[in-house]
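All figures in this text were calculated on a predicted structure; none of them were measured in a lab. The figures here come from the full heavy-atom set of this structure, side chains too, leaving out hydrogens, waters and symmetry mates. So that the names make sense, note that chain A is the first sequence line, chain B the second, and so on, each numbered from 1.
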Number of protein chains: 2
Amino acid sequence: MKIDPQNPADLSAQIAQAIRDAIVSGALIVDERLPSETELSDLFRVSRPTVREALKRLAAQSLIRTQRGAAGGAFVNRLNFEDAYSQQITTSTLLLSMNAVSFDTACEARYALERACAALSADRRTPDHLATMRTEIFRQSQPGLTDEAFCTSDVAFHRALVDGAGNPVLSYQLAGAVEAMQPLMNMITFTARSREAIIAMHSKIADALEARDADVVDAALADLETYTRQLAQDVAEQRRKPA
Amino acid sequence: MKIDPQNPADLSAQIAQAIRDAIVSGALIVDERLPSETELSDLFRVSRPTVREALKRLAAQSLIRTQRGAAGGAFVNRLNFEDAYSQQITTSTLLLSMNAVSFDTACEARYALERACAALSADRRTPDHLATMRTEIFRQSQPGLTDEAFCTSDVAFHRALVDGAGNPVLSYQLAGAVEAMQPLMNMITFTARSREAIIAMHSKIADALEARDADVVDAALADLETYTRQLAQDVAEQRRKPA
DNA sequence: CAGATTTTATTTGTCTGACATTTAAAAGTC
DNA sequence: GACTTTTAAATGTCAGACAAATAAAATCTG
């Protein structure tokens, strides 16, 4: 099951891959205990530090968890949404910040995804979701609000919209896109005059969701996308020639 | 910049987090060299194995790469799509296989996402994308095709559709969903009589994309979703009572 | 005998020190 | 000046040890 070729390159990576394969293929099931580090080092004919490096690689991906003590060891972890979320956010943030992805591309993907949720959300949103959206809209209209707080509220609003679809996979995928775009979004809100326009669109979305009118939600989101991308472009322009 | 609280729990995890924060925040930029392992162990007041475990955690997330030799060391890695892809696929597969997500939920998310791509793809698809889709449809209609090959072709078809949107973020997110659903999709194709119906829908989609008719693509995808979910339900039913 | 306490064994977490291997730069040679 | 050799620095790996946590077994006590 877990053999290892004798090419002497990156032993810990090879071992990690072997165990990872065993988990993904189902040979190791959730909550199953892996052999102890000593046993693994015997099995793979390597030292314990090498085994430990392999296990830490897997732990970094939330594939295993470890426990100390007599009945301790490494156990196959049941991957949960929270872990998947944070990984997704880290990855998305880096993809964007390292310029592997342009803001425009990310923005397009984000709104395409959000619009995909709109129809489902119009169908399934609960009063709770609506209440959250109304609360956030009210918060956004407060005069003394900092840009950062406005942005946080903006994210919460869209989050409620997406969560209204009742599909955790969609929520999870959107979380990555939104969180990654957060820094630039923050910069956008500095152009303060934009707030009332955004609030108006948010209100339109909330009203349409309350009326379960998917088409209007979609149209409002399309407007918001156009607006956001225009603002981002303006900000980018200003940053290019700050003088 | 990189300090470490003295609570003696999971030192390597703490160090990994400190370095990860530095990368995400931009304090460490792409291709920048980290201090050597010895220097890091001095900095954090821990041993070299502990530092190494921390670095391996980061390497598992493709945040750093290491190089041996005199001018070697650990460097901040420019995250690319391939790495992000494989991580996304691993995560999605596990979320589904460990029952954190139902097939129905994944399927809904997958088609919502794919339908979100439809409009963009109708607008931007190149002749190349169309050719790929036609080729795959032809392959699917070959009588001797194994279920596995049919499924692979099916994935390639949808991949071409999504790639037609020209947005790598969308391609990347959909890849996870599709790959994760692959095993069950394979099982679905065992109900052989379904092939011609699927091929008919594929043809309809390809025709509509050629005509740049987003609405028809959307409708065909909606049909395909309904069909897929029905088949999945049947398969699940059969597995419950195999006798 | 039942329950609480202590002991013990197992396992991960960490440290020290060493050697092997790779690699680029410095030193030496023609 | 171009080529070769040496050297130093860095990661990769190993061995052995101790610390700390923890559950099970053994012991003690009423």
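- For residues 156-180 of chain A, there are no salt bridge (Lys or Arg N to Asp or Glu O under 4.0 Å) pairs, not counting sequence neighbours.
- Nucleic acid contact class of B:R33 (heavy atoms, under 4.0 Å, all strands): sugar-phosphate only.
- Residue A:E37 contributes atom CD, which lies 14 Å from atom P of D:dC14 at whole-angstrom precision.
- Take A:A71 and apply the side chain to side chain contact (heavy atoms under 4.5 Å, CB included) test, not counting sequence neighbours, and it matches no residue.
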Between the protein and nucleotides 3-7 of chain C, which nitrogen or oxygen pairs come in under 3.5 angstrom?
none

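- A straight line from CZ of A:R48 to P of D:dA15 spans 13 Å, rounded to a whole angstrom.
- With contacts defined as side-chain heavy-atom distances shorter than 4.5 Å, the pair A:I29/A:V76 does not qualify.
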Every protein N/O lying under 3.5 Å from an N/O of nucleotides 21-25 of chain D:
from   : atom 1 : to    : atom 2 : distance (Å)
D:dT22 : O2     : A:A70 : N      : 2.9

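- A:E225 meets the side-chain hydrogen bond (donor to acceptor under 3.5 Å, both in side chains) test with A:R229; sequence neighbours excluded.
- Residues in residues 69-82 of chain B take part in these side-chain hydrogen bond (donor to acceptor under 3.5 Å, both in side chains) pairs, two or more places apart or across chains: B:R65-B:N77.
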Self-check item: Chi angles and distances behind the side chain to side chain contact (heavy atoms under 4.5 Å, CB included) call for A:E108, B:L120
Solution: CA-CA 10 Å; A:E108 178 177 282; B:L120 293 171; 3.7 Å; yes
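- In terms of the side-chain hydrogen bond (donor to acceptor under 3.5 Å, both in side chains) criterion, residue partners of A:R52 (sequence neighbours excluded) are, by chain and number, A:E37, B:E53.
- For B:S92, there are no side-chain hydrogen bond (donor to acceptor under 3.5 Å, both in side chains) partners, not counting sequence neighbours.
- Atom CZ of B:F44 and atom C1' of C:dC15 are 17 Å apart (whole Å).
- Residues that satisfy the salt bridge (charged side-chain N to carboxylate O under 4.0 Å, His left out) test with A:R33, not counting sequence neighbours, are absent from this structure.
- We find that CD of A:E53 is positioned 14 Å from P of C:dG13, with the value rounded to whole Å.
- Between its opening and closing five pairs, the helix from C:dC1-D:dG30 to C:dC30-D:dG1 changes axis direction by 20°, a value rounded to 10 degrees.
- Contact between the side-chain N/O atoms of B:R52 and the OP1/OP2 oxygens of D:dG12 is found at a separation under 4.0 Å.
- Applying the ring pair (Phe, Tyr, Trp, His ring centres under 6.0 Å) test to every pair with at least one member in residues 145-189 of chain A, sequence neighbours left out, gives these pairs: A:F157-A:H202, A:H158-A:H202.
- One finds a side-chain N or O of B:T66 lying less than 4.0 angstrom from the OP1 or OP2 phosphate oxygen of D:dG12.
- As rounded to whole Å, 17 Å separates atom P of C:dT10 from atom CG of A:L40.
- Applying the side-chain hydrogen bond (donor to acceptor under 3.5 Å, both in side chains) criterion to A:S102, with sequence neighbours excluded, gives A:T105.
- Counting to the nearest Å, the P atom of C:dC15 and the CG atom of B:L11 are 6 Å from each other.
- At least one side-chain nitrogen or oxygen of A:T50 sits closer than 4.0 Å to the OP1 or OP2 atom of D:dC14.
- Atom pair A:D10:CG and C:dT21:P shows a separation of 16 Å (rounding to whole Å applied).
- The interatomic distance linking B:L55 (CG) with D:dG12 (P) rounds to 9 Å, in whole Å.
- Looking at heavy-atom distances under 4.0 Å, A:R45 makes contact with sugar-phosphate atoms alone, never a base.
- Put simply, CE on B:M181 and CG on B:N186 are 12.0 Å apart, with the number rounded to the nearest 0.5 Å.
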